[in-house]
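Below: one structure, written as structure tokens.
It should be emphasised that the depicted structure is a prediction, and the values quoted were computed from it without experimental measurement. Each residue takes its place number in the sequence, starting with 1.
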Amino acid sequence: MPFRKAFFTILSHCFSTATTTSTSISTRLQKLPPLSNIHTKYKPQAIQQAQKALTDYLHATRSLPFTYAEHIGKNSIFSLSNLIRKIDYSVSTFPRNFRRLLRYHPINEFEFFFESIGIDYNDVSGFLPSNKFFFSEDGTVLNAACALSGFGFPWNMLGKLYTEDTSIFSKSSAELTARLSRIKEYGFSNLSVVGLCLAFPKLLSGEDELGGDIEALFGDFERVFVEFGLGNCVEGNVDACYEVCRKIRVFYDLGCQKGKVGELMSRKKILFLECSEEVLVQKADYFCKFGIGKGEVGLLLLQSPEILNLDLETPVISVLGFLQHFGLSKEELQSVRQKYSHVLGRNKMVNLPHSIRALDLQDWFFNKITCSHELLATYAIGDPNEDIDQGFINGLKRIQSTRTPIHTMNKLNFLHGIGFGENALTMKVLTHMHGNSSELQGRFDCLLNRGIKFSKLCTILRMTPKILSQNPENLEQKVNFLCQEMGSSLQYLDIFPAFLCFDLENRIKPRYRFHVWLTERGLCSKNYSIASMIATSEKSFVSRLSGIHPAAPKQWLECFLYKRY
């Protein structure tokens with residue numbers, strides 16, 4: 001069929017026919033730190049000789065089957081280089097000296113094994129068993145790896161299983177073989193089973209019978225595999241099968257229902273396969289930033305995969321122009337101008353999700369894009385001067401003339417990233433924020449995680465930007481005191497955001513507890529607001545409470561206050 005031939009052509013571009021092993025080794029060789037004791041000219045030769053010597057040592061001396069000894073020898077470049085550095089290199093004597101090193105200085109076999117199955121060398125130390133160096137002391141992990149490799153799992157991809165679920169490698173060879181056989185009984189080939197298990201390690205770790213959600217997963221995979229014609233196209237290519245399974249998993253991680261993903265994917269197969277998993281994840285993360293349920297994001301990408309081809313990072317948008325393009329009325333646009341002036345102006349498309357959240361329009365926007373996803377593709381700034389704020393431009397010039405322009409621009413980028421537009425008000429907010437961009441982001445996230453609504457938090461920062469000049473611990477303690485001990489709600493910060501700027505121990509706690517003490521003893525019949533208690537000067541605070549009750553002379557009140565109750 002013409003479609004099938006065209007589809008195979010697409011797949012040939014999507015998936016490399018080169019083996020994972022050769023690609024991985026080449027990449028590792030490029031990243032390998034310089035071997036100072038060996039001239040660059042002899043480096044490849046020395047590594048090949050060391051690999052052969054290590055393979056022979058593991059096979060002949062340590063009694064590993066040759067196939068698996070060779071896997072370890074060829075895929076543990078970094079561990080091997082550490083041994084090579086211990087020898088004074090000579091072209092004629094290196095092979096003999098390296099074999100002698102192995103004979104008289106036994107290696108930690110687990111270190112070489114974990115690197116060889118694809119675990120990053122920098123992470124290997126975290127997986128090494130304590131007080132064990134040889135497989136003869138505990139061969140469970142090796143035996144499991146041999147059973148999986150014998151079934152068809154690429155040796156240097158076994159680390160994907162191990163890092164996600166180490167319990168798989170605590171099973172016996174017989175248990176793993178039986179589990180794999182039960183999966184095959186659903187009608188899958190060895191290649192399909194390998195791809196499925198690499199993407200969904202729980203298939204191998206579970207003790208339960210295969211059923212329920214797992215059967216739904218198999219249904220999705222079978223539909224995609226058969227409908228896409230992958231059976232003939234990816235024969236012998238584990239990478240291709242694994243990538244398809246990984247894409248299915250992306251949608252499961254987003255909350256899409258098992259048993260439904262395959263049907264939706266099969267309707268948009270060509271567009272779906274033109275997008276790599278990395279791009280798919282990036283686009284999913286982008287739309288999740290709108291604060292919408294992940295399941296809705298997954299359905300959007302499945303139903304409108306054309307979105308995957310859009311550039312959602314570099315284009316510049318005019319906030320008002322964008323809202324008008326999406327159908328906001330004149331009255332609604334005017335309301336936005338009045339209420340959210342800090343969001344107006346220009347911004348980058350990459351910051352759009354948080355700009356929309358700062359306007360509290362995320363539900364409206366997502367409904368629009370779900371019904372008419374082409375609105376994103378058709379938007380463009382019509383006039384080069386559209387929505388350019390001269391106050392912002394002047395502020396940029398001032399930043400460039402300062403001693404720390406890069407530091408300040410990073411802070412400005414943080415503000416744009418949370419929805420503040422290119423306008424003069426953003427520049428005013430910027431001048432009152434202290435800390436680098438990562439610190440500001442951490443403080444913002446702290447308040448967001450405490451339950452403050454995104455749009456309200458941005459408005460609070462517009463009113464009182466100094467809030468973000470404090471560390472997250474102080475902010476969290478103040479929020480907790482406001483809600484738990486003072487019995488107020490987060491909504492009070494809409495009225496009195498400056499509450500978060502006052503010192504908790506020396507201002508907020510003593511004044512509030514003093515007020516409570518007076519109220520409990522009938523010395524204060526009036527219930528003052530939090531702002532009245534906290535924001536007034538100490539002189540005014542004491543003076544106000546002095547007139548509450550004749551039994552409370554000013555001197556006594558001052559002494560009580562300074563006890564910091």
Would you say the side chains of [X] and [Y] form a donor-acceptor pair under 3.5 Å?
X      : Y      : result
Tyr252 : Asp220 : yes
Ser167 : Ser170 : no
Asn351 : Asn347 : yes
Asn367 : Thr370 : no

Ionic contact status for [Y] with [X], cut-off 4.0 Å:
X      : Y      : answer
Arg62  : Glu109 : yes
Glu137 : Lys132 : no
Glu175 : Arg179 : no
Glu313 : Lys348 : no
Asp165 : Lys202 : yes

Nearest 0.5 Å, what's the [atom1]-[atom2] distance between [X] and [Y]?
X      : Y      : atom1 : atom2 : answer
Leu142 : Ile72  : CG    : CD1   : 6.0 Å
Cys241 : Leu198 : SG    : CG    : 9.0 Å
Leu102 : Tyr57  : CG    : OH    : 6.5 Å
Lys74  : Lys52  : NZ    : NZ    : 11.0 Å
Leu101 : Leu54  : CG    : CG    : 10.5 Å
Arg100 : Thr93  : CZ    : OG1   : 8.5 Å

**Item:** is_close_aromatic(Phe110, Phe133), centroid dist under 6.0 Å
**Value:**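 Ring centroids of Phe110 and Phe133 are no less than 6.0 Å from each other.
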**Message:** Please tell me whether Phe218 and Phe188 form a close aromatic pair, meaning their ring centres lie under 6.0 Å apart.
**Reply:** yes
**Item:** Stepwise side-chain hydrogen bond (donor to acceptor under 3.5 Å, both in side chains) check, Lys184 with Asn190
**Value:** CA-CA 7 Å; Lys184 277 193 66 176; Asn190 281 36; 2.8 Å; yes
Find out whether [X] and [Y] are in side-chain contact, i.e. whether some heavy atom of one side chain is under 4.5 Å from a heavy atom of the other.
X      : Y      : result
Leu180 : Leu148 : yes
Asn413 : Ser437 : no
Lys411 : Asn436 : no
Thr163 : Phe127 : yes
Leu352 : Tyr286 : yes
Leu376 : Phe322 : yes
Cys256 : Leu302 : yes
Tyr186 : Glu215 : yes

Grab the two heavy atoms, one from [X] and one from [Y], that are nearest each other, plus how far apart they are.
X      : Y      : answer
Ile168 : Pro201 : CD1-O, 3.5 Å
Ala50  : Ile84  : CB-CD1, 3.9 Å
Phe251 : Gly298 : CE2-O, 3.6 Å
Leu80  : Ile47  : CD2-O, 4.0 Å

**Message:** Ring-plane angle category for Phe114 and Tyr162, please: parallel below 30°, perpendicular beyond 60°, tilted otherwise.
**Reply:**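 Rings of Phe114 and Tyr162: tilted, 30 to 60°.
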Donor-acceptor pair, side chain of [X] and main chain of [Y], under 3.5 angstrom:
X      : Y      : answer
Lys247 : Cys275 : yes
Arg443 : Pro472 : no
Ser304 : Ile307 : no
Tyr89  : Ile38  : no
Gln477 : Asn474 : no
Glu115 : Ile77  : yes
Ser372 : Leu375 : no
Glu111 : Leu128 : no
Ser81  : Phe78  : yes
Asn75  : Ile117 : no

**Prompt:** Can you tell me if CG on Asn122 sees more than 12 non-hydrogen neighbours from other groups inside 6.0 Å?
**Reply:** yes
**Other residues, nucleotides, ligands: >12 heavy atoms within 6.0 Å of Lys294 NZ** = no
**Request:** Dump the intermediate steps for side-chain contact (heavy atoms from CB on, under 4.5 Å) on Glu70 and Phe66, then the final yes or no.
**Result:** CA-CA 6 Å; Glu70 187 177 38; Phe66 180 80; 3.8 Å; yes
**Request:** Walk me through it: do Glu306 and Lys283 pass the test salt bridge (Lys or Arg N to Asp or Glu O under 4.0 Å)?
**Result:** CA-CA 11 Å; Glu306 296 84 357; Lys283 292 296 195 294; over 6 Å; no
**Asked** Hey, mind stepping through Asp311 and Thr314 against side-chain hydrogen bond (donor to acceptor under 3.5 Å, both in side chains) and telling me if it holds?
**Response** CA-CA 7 Å; Asp311 181 359; Thr314 55; 2.3 Å; yes
**Request:** Determine, stepwise, if the pair Leu203 / Leu217 fulfils side-chain contact (heavy atoms from CB on, under 4.5 Å).
**Result:** CA-CA 10 Å; Leu203 291 174; Leu217 161 64; 4.1 Å; yes
**Message:** For a side-chain contact (heavy atoms from CB on, under 4.5 Å) check, start with the C-alpha distance between Ile418 and Leu415, then their side-chain angles and the critical distance, and finish with the verdict.
**Reply:** CA-CA 5 Å; Ile418 62 172; Leu415 284 174; 4.2 Å; yes
**Prompt:** Passes side-chain contact (heavy atoms from CB on, under 4.5 Å), Ile248 versus Met265? Steps please.
**Reply:** CA-CA 9 Å; Ile248 294 175; Met265 287 171 60; 3.9 Å; yes
**Asked** Can Asp285 and Lys289 be said to form a salt bridge (Lys or Arg N to Asp or Glu O under 4.0 Å), step by step?
**Response** CA-CA 6 Å; Asp285 288 343; Lys289 289 178 181 178; over 6 Å; no
**Item:** CA sep, side-chain torsions, deciding dist, call: Tyr42, Phe94, ring-ring contact (aromatic ring centres under 6.0 Å, His included)
**Value:** CA-CA 11 Å; Tyr42 300 110; Phe94 177 74; over 10 Å; no
**Request:** Under the salt bridge (Lys or Arg N to Asp or Glu O under 4.0 Å) rule, what do Arg450 and Glu476 come out as? Steps first, then yes or no, please.
**Result:** CA-CA 7 Å; Arg450 295 305 300 169; Glu476 187 170 357; 3.6 Å; yes
**Trace of the ring-ring contact (aromatic ring centres under 6.0 Å, His included) decision for Phe420 with Phe414** = CA-CA 9 Å; Phe420 280 72; Phe414 157 75; 8.3 Å; no
